There are 2 protein chains.
Amino acid sequence: MKVAIDTMGGDYAPGEIVLGALQAAKEYEAEGMEIVLVGDQAQITQALDSHGNWKDLNITVHHAGEIIDMHESPGSAVRKKKDASVVVATALVKQGICDVVISAGSTGAAVAAALFGLGRINGIERPAIATPMPNLTGTTVLLDSGANIDSKPKHLVQNAIMGSIYAEYVLNIPKPRVGLLNIGEEESKGNEQVLSTYPLLQQLNTVNFIGNVEGRDIPKGTVDVVVCDGFVGNIVLKFGEGLASAILQLVKDAIKSSGFWAKMASMLVLPALRGLKKKLDYAEYGGAPLLGVNGGFIICHGSSRAIAIKNAIRVAKEFTEQDVVAHIRENIAKEGVVTNE
Amino acid sequence: MKVAIDTMGGDYAPGEIVLGALQAAKEYEAEGMEIVLVGDQAQITQALDSHGNWKDLNITVHHAGEIIDMHESPGSAVRKKKDASVVVATALVKQGICDVVISAGSTGAAVAAALFGLGRINGIERPAIATPMPNLTGTTVLLDSGANIDSKPKHLVQNAIMGSIYAEYVLNIPKPRVGLLNIGEEESKGNEQVLSTYPLLQQLNTVNFIGNVEGRDIPKGTVDVVVCDGFVGNIVLKFGEGLASAILQLVKDAIKSSGFWAKMASMLVLPALRGLKKKLDYAEYGGAPLLGVNGGFIICHGSSRAIAIKNAIRVAKEFTEQDVVAHIRENIAKEGVVTNE
């Protein structure tokens, strides 16, 4: 399989993107992984060369002369800059040359490039970003986490179908529990959007809908797929990132300010804390798939470093091998009636 | 000052409510605090007696024969059960006998009792729950955190005015920074609700509006008052509670499973962790005021134990002494034009 990487997107591009790609190329060499680095040829080659001999690895460079800035309007930038790295990478998938795209650039531009370049799966009106979040016992997928806002109930229904497939095939959760994010468990609770969505979710055949879930159910791990509007999902996601990082900072401060012996003790405890930080680190999860477009598209955090890119390549591999797009097509077709509401 | 406590509301009522009231009565005795315990006289007296002699404290019992259950429809329950403890406690404030109500019962019933019993402040259409959340450097107030959903822009504007007053007078933050919770900092980002709210907030004279804030700004402490719809606020609040508790559990597990010496070390470090838990514990903040009604009304977490009730009484005291209601009336009148949109 062949992965196209938007090498110019992200806070640490192209250096860290190239490094992550090199690590993945080595790790998955035996499995026939090919990596195509899309972007400014001179910069990418220089970055590759700085890490020693890479010519034996399955890495090629595909030149693209433009970059989409974080502050550009995504839609018009994607339309105008036909030679932008994210646009060219997407085109490689559209043409069947690559299987899946990875981008750590502007999320808006990535979504726009995927929509224009790959198109939507039949029956899907709005693709959704499915972000895996760590919980006490495993992983919960949150979708949509920022691709769409002011979603209609039918869009949340489509999210439920797609999220369930992702959890089942990529996270290996059989019969994933799908919940609707709400302010209470009762069916009668919630805003107009979720009140109208609830009965539609109950009618689904391919989804194990367990009803409404609350914010606290995400870290507890009592639900595998959480369906919500992208406005709520994005706020929850960024709040969670900030809170986890703040708490770990407080833990370190608390240990360090607690006297001589505790300070000595902390030398022994800090490795455990580092392990915990890794568990909570979104980089470990390596990016979130954009579900609902005709092809694989993995969106990474803008601040992704090499490790996140390497893990995103692992996610891209699983996404492709499990043929998530085909499963979505299949189940959306099965559920056809409900999504027409 | 005189506090009316709905002694029958909450998971640990009446026992823990009574215990918290006893502790506060002792602590604030010199300052002339009087506490009225509203609810089943026999049960409350029995709970009081079990803690020894309370007759010298400034505590009285006011009988109320009914209780509103967590699963009742709040509006109709408040209308029908005129002798419910939360309704009677609210009436004591309406009649000028008490200054402020405290309830750990159903939030919906508390909001309904406050609306029917006290009425809204002129110019406020929907009261909001203002929840203090700990951040890295202090406290951020989140409102609305669950009283209202599907809010209109004007309701969010009213929240901004009220939240700013609460942060200034009760949390002692001069010129509090007020932010609109959104998925990006740019003015052009967001759903219809926040896009329409942004320009209205810019026009306010009594509010230091700093623009859009993201989920991560709450724990960072870069904003003092966060304005949002109650649907979003409630989800964020419960997610934060769950995440903080999950992370502290993971920290403990990580320490405990990290070998003999680390285990020994943890004996020294755990006290620091307990201090941290206290810092993050919402019970320490003692309840969230319902802002926008004609009187003081402090809503506590359903799982409040004595310490939370005691702290809620402290909040009630500050709320009353600072005359938050009068300040809200004043600023709402000053801003009159904007809220009519």
Side-chain angles (χ1 to χ4, degrees), chain A residues 71 73 135-136 146 149-150 181-184 186 188 190-194 214-221 228-232 234-251 253-255 257-259 261-262 264-269 271-273 275-276 279-280, chain B residues 71 73 135-136 146 149-150 181-184 186 188 190-194 214-221 228-232 234-251 253-255 257-259 261-262 264-269 271-273 275-276 279-280:
Chain A
H71 298 289
S73 160
N135 64 44
L136 274 178
I149 49 181
D150 291 321
L181 191 56
N182 203 336
I183 57 170
E186 302 86 348
S188 61
N191 60 13
E192 286 174 20
Q193 184 190 51
V194 298
E214 296 186 85
R216 64 171 71 97
D217 293 305
I218 302 173
K220 251 197 221 165
C228 62
D229 184 274
F231 185 80
V232 177
N234 189 267
I235 287 172
V236 163
L237 187 66
K238 287 178 181 163
F239 174 64
E241 276 183 35
L243 186 59
S245 133
I247 293 177
L248 289 179
Q249 188 55 50
L250 288 172
V251 169
D253 293 351
I255 289 175
S257 67
S258 55
W261 285 106
M264 295 305 289
S266 74
M267 311 272 283
L268 296 160
V269 171
L273 275 187
L276 175 69
K279 184 162 184 180
L280 291 170
Chain B
H71 299 289
S73 161
N135 64 44
L136 275 179
I149 48 180
D150 291 322
L181 191 57
N182 203 336
I183 57 172
E186 301 87 349
S188 61
N191 59 13
E192 287 173 22
Q193 185 191 50
V194 298
E214 296 186 85
R216 63 171 73 97
D217 293 304
I218 302 174
K220 251 196 221 163
C228 62
D229 185 276
F231 186 79
V232 177
N234 189 269
I235 287 171
V236 163
L237 186 68
K238 288 177 180 163
F239 174 63
E241 277 183 34
L243 186 58
S245 132
I247 293 177
L248 290 178
Q249 187 55 50
L250 288 172
V251 169
D253 293 351
I255 289 175
S257 66
S258 55
W261 285 107
M264 295 305 288
S266 74
M267 311 272 283
L268 295 161
V269 171
L273 275 187
L276 175 68
K279 185 165 183 177
L280 292 170

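Just so we're on the same page: letters track the sequence lines, and every chain starts at 1. In this text the structure is predicted, and so the values were computed from the model without any measurement. Keep in mind that the numbers below use all heavy atoms, side chains included, and drop hydrogens, waters and symmetry copies.
- In this structure, the separation between CG on Leu243(B) and CD1 on Ile247(A) is 5.5 Å, given to the nearest 0.5 Å.
- A pairwise comparison of heavy atoms in Ile218(B) and Asn135(B) identifies O-CB, 3.2 Å as the closest pair.
- When each of Val232(B), Val194(B), Ile149(B) is scored by its heavy-atom pairs under 4.5 Å with chain A, the top score falls to Ile149(B).
- Using a 4.5 Å cut-off between heavy atoms, Asn182(A) touches chain B through backbone and side chain atoms alike.
- A pairwise comparison of heavy atoms in Ile183(B) and Glu214(B) identifies O-OE1, 3.4 Å as the closest pair.
- Top candidate by heavy-atom pairs under 4.5 Å with chain A, chosen from Gly190(B), Gly221(B), Ser245(B), is Gly190(B).
- The side-chain contact (heavy atoms from CB on, under 4.5 Å) search around Glu192(B) returns Asp150(A), not counting sequence neighbours.
- With a 4.5 angstrom heavy-atom cutoff, Ile235(A) touches chain B via backbone and side-chain atoms both.
- Using a 4.5 Å cut-off between heavy atoms, Gln193(A) does not touch chain B at all.
- The two residues Gly215(A) and Pro219(A) make their nearest non-hydrogen contact at O-CD, 3.4 Å.
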